[in-house]
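So the structure is just underneath, and the comments pick up after that.
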Amino acid sequence: GLLLGVSFFSITVGVLLIFLIFVMLASERRAEMGMSRAVGLKRRHLTQMFLFEGFAYTIGAAAVGVALGIGVGMLMIGVISSIFTGFYKGLDLTYHVEPANVVIAFCIGILLTFIVVGASAYRVSRLNIVAAIRDLDESGKRDIGLGNYALAIFGTVASAARMLFRGHPLTFLRRSTLGVLGAIRSLVWALFRRGPLTLLTGIMLVSLGLGSHVELLYYVGVGISCIGIGLTVRWLLATAHLRHSIAGRIGFTLAALGLVVYFGQPFGKVEKLIGVDKAWGVDKLAGGPELFIAASLLLLLGAIWLVMYNSDLLVRAVMVFGRSLGSKGAAVRTSMSYPMATKFRTGMTVAMFATVTFIIAYMAVFEDVLNQNLGQATTRAGGWHIVAGTPDNNFSGTGPSSVPTDLGAKVNADPTTAAEVKATGWENATAFQALAQVVNGKPRPTQGRGGGFGVNLHVVDDNYLAATTYPLT
């Protein structure tokens, strides 16, 4: 679980870093790309430019990453093996690499990086020509409205029909297939951006998680539902002609608070607070370490949204504080105003550093928990370090798998083993039928068809009692 969590968060930091680098590259070339679009370059050409550049980076980075991963893995195995050998003699870890695993790691690295580069390239290609040339802010772009997105589907069909009547069958085929699919995709994406489809998707995942008893689906569904509620509120407020910035702040702050309250659980589990945990069967859901990863990412997302969409309040507080710094106040105010003017890039940067800090805190807490538990391992185990046997009551040991009854004598017969083993003992948990039972000084009536009592008994021998550190009363 520890390695899985660290690996996943490390990959998340890498994805954010790649995305941020390409956003910065696009920002530096924004005016150049705007002029290129003005002279006839199409959006797909910009996307292809960034994809080719990203693919070159991907091949080189994947090759270097695989080589370094193999080398660092060899070094780690050597260090860990030396540590374990110091505690457990004879335990030696052997370094081994399967060529197939190296190829898979290389391909996954290329695929993941290429997907991130493709997403950032698509975002870069959506720039406005005039705004790019004049270096204007595009955060408040005018929305054409859901009605126009729906009408665009019928407009595309009508345009394809006109091409057919004019004797252009290939153009008709392209517009009636790819054109209509593109218009439908734009309408569906508009509904996701506004919140209704996002909210519906979250509700469906919650229902699916409850029905299949998969807690991961339920958690992800709740997170998407919180985001969908925030987006829907923002859309409804904007439809009511509330200013775009205010509607965005209210909607995203609401979504962020929902994520922080649900996954951070400052007041306890939300289902228990509202009294639906038993009715929904939340306590019957099954999950593993992946729940921690999903909850952590959604909690980080909520915290970052909460800060970024209320950043002007933070800037004002810094401005007030900067006035008391005299000559340094101007530098403080300037250092805060520029990052807040580019919220997307600043948000990505904050997300990356927040994830790194989260990993450090996670490792520190986990190390502290391990130290506390391993430090008390001897006390918790009653002084015993090695257990020979199985907790499976249905297991019947025969031959080499059976535990010898004279185990203590066999250990003492070997001088080397006897020097390392301080004591041996025997214990067993068994169930039997008792003919009578006395509770608080009074006989208890017999139960069952046989007239006895089913009693669980823990049996130990004299050597166990003599060597154990458990406080026995």
Side-chain angles (χ1 to χ4, degrees), residues 1-26 29 43-81 93-126 178 181-182 185 189 201 205 214 216-217 219-220 223-224 287-298 300-301 348-349 351-356 358-359 362-363:
L2 171 65
L3 295 178
L4 178 63
V6 173
S7 301
F8 189 86
F9 286 115
S10 301
I11 293 173
T12 302
V13 172
V15 168
L16 292 174
L17 180 60
I18 295 170
F19 200 90
L20 183 61
I21 288 173
F22 273 84
V23 169
M24 297 292 289
L25 288 175
R29 308 173 191 174
R43 284 176 175 170
R44 68 172 182 271
H45 295 148
L46 290 180
T47 304
Q48 290 169 1
M49 286 168 48
F50 273 88
L51 283 177
F52 288 140
E53 181 179 357
F55 187 72
Y57 294 150
T58 299
I59 295 295
V64 174
V66 168
L68 289 178
I70 294 175
V72 172
M74 182 183 299
L75 180 63
M76 288 182 62
I77 291 297
V79 173
I80 295 174
S81 178
L93 302 180
T94 304
Y95 178 77
H96 177 72
V97 177
E98 289 287 345
N101 294 338
V102 176
V103 174
I104 292 174
F106 181 78
C107 295
I108 291 177
I110 291 178
L111 179 62
L112 181 61
T113 308
F114 196 72
I115 291 174
V116 177
V117 171
S120 58
Y122 176 79
R123 183 182 182 276
V124 167
S125 68
R126 311 304 292 178
L178 298 179
L181 289 176
R185 181 195 61 83
W189 178 241
T201 302
L205 286 176
V214 178
L216 178 62
L217 291 177
Y219 263 40
V220 174
I224 294 177
E290 68 277 1
L291 299 178
F292 170 74
I293 296 173
S296 302
L297 289 178
L298 290 169
L300 283 173
L301 175 63
M348 295 291 293
T349 306
M352 184 177 64
F353 282 107
T355 308
V356 172
F358 177 84
I359 294 175
Y362 167 64
M363 291 294 296

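Just so you know, these numbers come straight off a predicted model, no measurement behind them. Below, each value reflects all heavy atoms present in this structure, side chains not excepted, and no hydrogens, waters or symmetry copies.
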Atom CZ of F55: over 12 foreign heavy atoms under 6.0 Å: no

Identify the heavy atoms of Y219 and L291 that sit nearest to each other, and give their distance. CD2-O, 4.3 Å

Flag the pair V72 / M76 as yes when at least one side-chain heavy-atom distance between them is below 4.5 Å, and no otherwise. yes

Looking only at heavy atoms, which two atoms of V220 and L205 are closest? And how far apart? CG1-CD1, 4.1 Å

Tightest non-hydrogen contact, residues L298 and G223, listed as CD1-CA, 4.1 Å

Spacing of CD belonging to E53 relative to CE belonging to M49, to within rounding of 0.5 Å: 8.0 Å

Let me confirm one number: the CD1-CG distance from I104 to L111, rounded to the nearest 0.5 Å. 13.0 Å

Which distance, rounded to the nearest 0.5 Å, do you find between the CD1 of I115 and the CD1 of I110? 12.0 Å

To the closest 0.5 Å, what do you measure between CD1 (I108) and CG (N101)? 9.5 Å

